[in-house]
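One structure is given below, encoded as structure tokens.
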Number of protein chains: 2
Amino acid sequence: MSGTAPHILVIDDEQQILRALRTILGQHQYQVTTARNGEEGLALAAAVQPDVIILDLGLPDMSGIEVCQRLREWADMPIIILSAHDTEPEKVAALDAGADDYLTKPFGVEELMARVRVALRHRSRSSSSKSSLITAGNVTIDLAAHLVTKNGQPVKLTATEYRLLAYLAGNAGRVLTHQAILNHVWGYAEDSQMEYLRVYIRQLRQKLEDDPRNPQLILTESGVGYRLMT
Amino acid sequence: MSGTAPHILVIDDEQQILRALRTILGQHQYQVTTARNGEEGLALAAAVQPDVIILDLGLPDMSGIEVCQRLREWADMPIIILSAHDTEPEKVAALDAGADDYLTKPFGVEELMARVRVALRHRSRSSSSKSSLITAGNVTIDLAAHLVTKNGQPVKLTATEYRLLAYLAGNAGRVLTHQAILNHVWGYAEDSQMEYLRVYIRQLRQKLEDDPRNPQLILTESGVGYRLMT
DNA sequence: TAATCCATGAACAGATCATGGATTGGTCTG
DNA sequence: CAGACCAATCCATGATCTGTTCATGGATTA
């Protein structure tokens, strides 16, 4: 938490705004990722796990409301909506779809920054309760340091492997459905993607289990999903 | 939700707005308390511990910013600011003073209600992380974790076994008819399906009863259905 | 006692899963 | 720029698990 700069994902199709936001946010010491449409936005949200999402309502491929709803199926990071429209029904719809704030263009840059700070405040308040260090068996996962060790030895994980493990660890002891995992790690869930999940579960077991053939850490719940033992 | 209606504290010195908000919030099933100045507002906030505070910036005795700051010394409930001024520096100051949202008068009533809902969402998200546990005999069912334990030992159940047990547990002590169970667990009820029910009841007994031949947990009500003992 | 209703054990088929490896695509490096 | 490297994505195959079904004997009810 204290270590790295907060990461902000901006989903907007207007190059001009995208560049401006990237500059401003960068000046405020934020790490920035940008997406140009809804599909890309959903995938990146899952991939980078940003601390805050800034979402333009007017996207080319799908409505901002829909992006919001699909994010909320699995994600709980704050979402700040930007919109060219100032109508009340649209605001209400966006906020009820899961958005946390709504700014109408043109907006003041400093106001946006203040609202980003509010969002970050929320996030740290709600996530500070759980420690970022998770232990399961002889494996420890330090979410803040982005580091996984087994018996004290660092384990090399790829980005996807880490995201999967982090999600499992964040809900240790609980069964996570295939759907939920796919949404959270890959950003979308289709039946065909189930194969990926199997492959990555296997790789994690290979790297973390004492006896990969007899998993003690990552258990299969047939027909449902997977569970990381506490 | 189940418990009581959310409690909202409105701090404003204009009688007219106060009355209007009281009416509107009441119509939305919120419990409302009102204060006419900053001092009273601070005292009431401590006294009633509201779920959300709506705060007008233009108070007679002290600035809204100051109220905000003094609230934040000990309180963490969401604060929504109302203001007649639309200047950016004022917005930034209020948000950085600890406010969660800022609306400029005149504002749409539905927008305010939507933002109240957002604030309540935040509050419930950060405080609700309890798992719902059901106990029956020496067996406990954790619905959130999708986990069943007997004497503390985890028990492996298939998806169908779990659905059946969860349904029984959700109506513990009550007799559930064959029809009802089939409908709930299999989605439809035909006489031919009764065999499934028998088989699965048996498997649950096998896994959960101390002496499967003498069921103490899952009792047969001949000709009617089954009952899970409390 | 006769007629239902229920419990038991086991067997089969299809769904679900694990595994090893092949292929693709991007990034880094000499 | 070519080649090496690594991660992500696919594919084929065999193992395991689950739902379903059947036959039989015990328990309960009328």
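On a predicted model such as this, the values are computed, not experimentally measured, just so you know. As a basis for the values below, the full set of heavy atoms in this structure was taken, side chains included, without hydrogen atoms, waters or symmetry mates. In what follows, chains carry the letters A, B, and so on, assigned in the order in which the sequence lines appear, proteins first and then strands, with residues in each chain numbered from 1.
dC17(C) atom P lies 19 Å from atom OH of Y200(A), rounded to whole Å. Regarding L182(A), its CG atom lies at a distance of 11 Å from the P atom of dT9(D), rounded to whole Å. Between the CD atom of E161(A) and the P atom of dT9(D) there is a distance of 12 Å, given to the nearest Å. When the C1' atom of dT8(C) is taken as reference, atom CG of N214(B) falls 15 Å away, rounded to whole Å. Taking atom CE on M194(A) and atom P on dT9(D), their separation rounds to 16 Å, with Å as the unit. Atom-to-atom, CZ of R198(A) to P of dT16(C) comes out at 9 Å; the value is rounded to the nearest Å. For the pair Q203(B) CD and dC17(D) P, the interatomic distance rounds to 14 Å; values are reported in whole Å. Rounded to an integer number of Å, the gap from CZ of R202(B) to P of dC22(D) is 17 Å.
Nearer to the 5' terminus of DNA chain D, by closest-nucleotide assignment, is the contact made by K156(B) (compared with the other of E195(B) and K156(B)).
A side chain to side chain contact (heavy atoms under 4.5 Å, CB included) with T33(A) is found for one member of I8(A), V10(A), L9(A) and no other, namely L9(A).
Nearest nucleotide to the W186(A) side chain, out of dG19(D), dT19(C), dT9(D): dT9(D). Checking dT20(D), dA8(D), dA18(C) against the side-chain heavy atoms of T220(A) singles out dA18(C) as nearest. In this structure, the nucleotide among dG19(D), dA18(C), dA7(C) sitting nearest to the side chain of R205(B) is dA7(C). For Q206(B), counting side-chain heavy atoms from C-beta on, the closest listed nucleotide (dC6(C), dG9(C), dG20(C)) is dG9(C). Closest contact between the side chain of H178(B) and the listed nucleotides dT8(C), dG19(D), dC6(C) involves dC6(C).
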Task: I54(A) vs I79(A), side-chain contact (heavy atoms from CB on, under 4.5 Å): CA-CA, chis, key distance, verdict - done: CA-CA 6 Å; I54(A) 297 177; I79(A) 300 174; over 6 Å; no

- [ ] Carefully, step by step, assess W186(B) and R163(B) under the rule side-chain contact (heavy atoms from CB on, under 4.5 Å).
- [x] CA-CA 9 Å; W186(B) 279 267; R163(B) 278 207 308 280; 5.6 Å; no

- [ ] Apply side-chain contact (heavy atoms from CB on, under 4.5 Å) to the pair Y226(A) and L197(A), showing each step before the final yes or no.
- [x] CA-CA 10 Å; Y226(A) 293 91; L197(A) 179 50; 4.1 Å; yes

Open item on the list: Would H122(A) and D100(A) count as a side-chain contact (heavy atoms from CB on, under 4.5 Å) here? Give the steps.
Closed with: CA-CA 10 Å; H122(A) 284 159; D100(A) 297 272; 5.5 Å; no

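Stem list for DNA chain C (at least 3 consecutive Watson-Crick or G-U pairs, distances under 3.5 Å): C:1-30 with D:1-30.
A side-chain donor from one of T140(B) and T149(B) sits under 3.5 Å from a side-chain acceptor of the other. Using modelled atom types and a 3.5 Å distance limit, the side chains of R198(B) and T220(B) yield no donor-acceptor pair.
In terms of phosphate contacts, R213(B) brings no side-chain nitrogen or oxygen within less than 4.0 Å of OP1 or OP2 of dG26(D). Taking side-chain N and O atoms only, T158(B) has a distance below 4.0 Å to OP1 or OP2 of dG19(D).
The stretch residues 221-230 of chain A touches DNA chain D through S222(A), each having a heavy atom under 4.0 angstrom from the strand.
Side-chain contact between E209(B) and I218(B): present, with at least one pair of heavy atoms (C-beta onward) separated by less than 4.5 Å.
One finds the CD1 atom of I134(B) at 4.5 Å from the CG atom of L143(B) (value rounded to the nearest 0.5 Å).
Checked against a 6.0 Å centroid threshold, the rings of H7(A) and Y30(A) do not count as neighbours.
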